[in-house]
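In what follows, every heavy atom counts, from backbone to side chain, and hydrogens, waters and symmetry copies are set aside. Whatever order the structure lists ligands and atoms in, that order sets their numbers, starting from 1.
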Amino acid sequence: MTDTATITDPAAAAVEPTAYHVREGGDGTVLDVQDFSLWYGNTQALFDVNLKIQKGMVTSLIGPSGCGKSTLLRSFNRMNDLVDDLHISGRIATDGFDIYGPGVDVIALRKRMGMVFQKPNPFAMSIYDNVAYPLRVDGVTKKSVLDEAVERALQSAALWDEAKDRLQQSALGLSGGQQQRLCIARAVASDPEVLLMDEPCSALDPIATAKIENLISALAGEYSIVIVTHSMSQAARVSHNTGFMYLGRIVEYGDTDTVFTNPRNARTDDYVTGRFG
Ligand SMILES: Nc1ncnc2c1ncn2[C@@H]1O[C@H](COP(=O)(O)OP(=O)(O)O)[C@@H](O)[C@H]1O
Ligand SMILES: [Mg+2]
């Protein structure tokens with residue numbers, strides 16, 4: 001069965017309304033998704049998503065393959081704009097403005113919403129130049145400013161100690177886990193508000209995965225983090241809130257402990273207990 005067939009499955013119509021019991025942060029909402037739907041051509045991939053992502057917290061998106069997790073994540077920084085024949089309805093607001101509204105500076109938006117992908121994607125340049133890249137794009141040329149920003153970002157990404165003596169060496173010589181932390185450093189160097197991570201550990205071994213998970217916990221608070229993961233144990237370990245998606249809908253969104261141990265929705269229960277997936 002193809003992913004598209006899953007989405008158009010008549011069972012989608014039978015999905016119950018969202019169970020919603022989110023843990024709210026002291027700082028409020030950073031992304032307010034309101035009745036958001038998305039179509040790739042004629043195929044609807046997201047259905048009436050309503051979600052308030054809490055500022056400074058880690059939010060996981062879980063659910064079976066093809067249920068729309070990456071699509072929703074890419075909607076937050078308008079990466080989906082690159083797809084032909086895409087249309088949307090509804091609203092995603094951050095700081096009171098609709099990110100799909102008229103006059104939005106998409107480049108600036110993507111800086112606010114830093115993205116980390118499944119496969120580490122360092123540029124074929126030195127470690128230093130990778131991290132300095134977003135600043136240079138912004139026109140920063142002063143060496144002292146770049147040096148300081150590079151160190152700060154590498155410190156934030158828990159890579160400084162391993163990288164400080166090889167800053168001018170190629171980033172491609174780093175291990176996979178180091179490359180992924182470098183990509184996080186590069187995202188952080190743009191001074192984003194939100195970090196979007198799409199299965200950031202799926203190409204990594206358990207030790208590298210544990211380092212990224214520790215890093216996510218350390219970065220929470222300063223940043224709001226939304227992580228797509230197929231690992232339920234990872235979602236349980238790193239996130240405050242979890243959204244369970246199924247067939248393009250949010251079926252349950254709530255504090256992670258409750259989603260995993262006492263979900264309100266029977267379908268969530270089936271998924272987190274491994275009865276389907
Ligand atoms: N660029 C695209 N063009 C057309 N359909 C897409 C595109 N990306 C994803 N889809 C479809 O949208 C649905 C959701 O996919 P996706 O968001 O990647 O799910 P997940 O990340 O949960 O596995 C799937 O049916 C998939 O085939
Ligand atoms: Mg995906």
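- Because the distance cut-off is set at 2.8 Å, T71 fails to qualify as a neighbour of the Mg ion (ligand 2), as none of its N, O or S atoms comes that close.
- Put simply, part of R74 is less than 4.0 Å from ligand 1, judged by heavy atoms.
- Which parts of ligand 1 touch S65 is read off a 4.0 Å heavy-atom cut-off, strictly below it: atoms 23 (O).
- Considering backbone and side-chain N/O of A45, none are found under 3.5 Å from N/O of ligand 1.
- None of D105, D95, N77 except one satisfies the side chain to side chain donor-acceptor pair (under 3.5 Å) rule with R112; the exception is D95.
- Side chain to side chain, N241 and T59 fail the donor-acceptor criterion of an N or O pair below 3.5 Å.
- Residue contact check: T71 has heavy atoms under 4.0 Å from atoms 14 (C), 15 (O), 16 (P), 17 (O) of ligand 1.
- Taking only nitrogen or oxygen atoms, main chain and side chain alike, V83 does not reach within less than 3.5 Å of ligand 1.
- With distances taken over non-hydrogen atoms, the option nearest atom 12 (O) of ligand 1 out of W39, Y246, Y40 is Y40.
- The distance from the CD1 atom of I227 to the CD atom of E199 is 9.0 Å, given to the nearest 0.5 Å.
- Residue G63 places no heavy atom under 4.0 Å from ligand 1.
- Contacts with ligand 1 closer than 4.0 Å are made by no heavy atom of Q118, backbone or side chain.
- Heavy atoms only, all atoms of each residue included: N50 and Y20 are closest at O-CE1, 3.7 Å.
- A 6.0 Å sphere centred on CG of L82 holds more than 12 heavy atoms belonging to other residues, nucleotides or ligands.
- In this structure, a donor-acceptor pair under 3.5 Å is present between the side chains of T256 and S239.
- Under the side chain to side chain donor-acceptor pair (under 3.5 Å) rule, E252 has a single partner from T258, T268, T242, which is T268.
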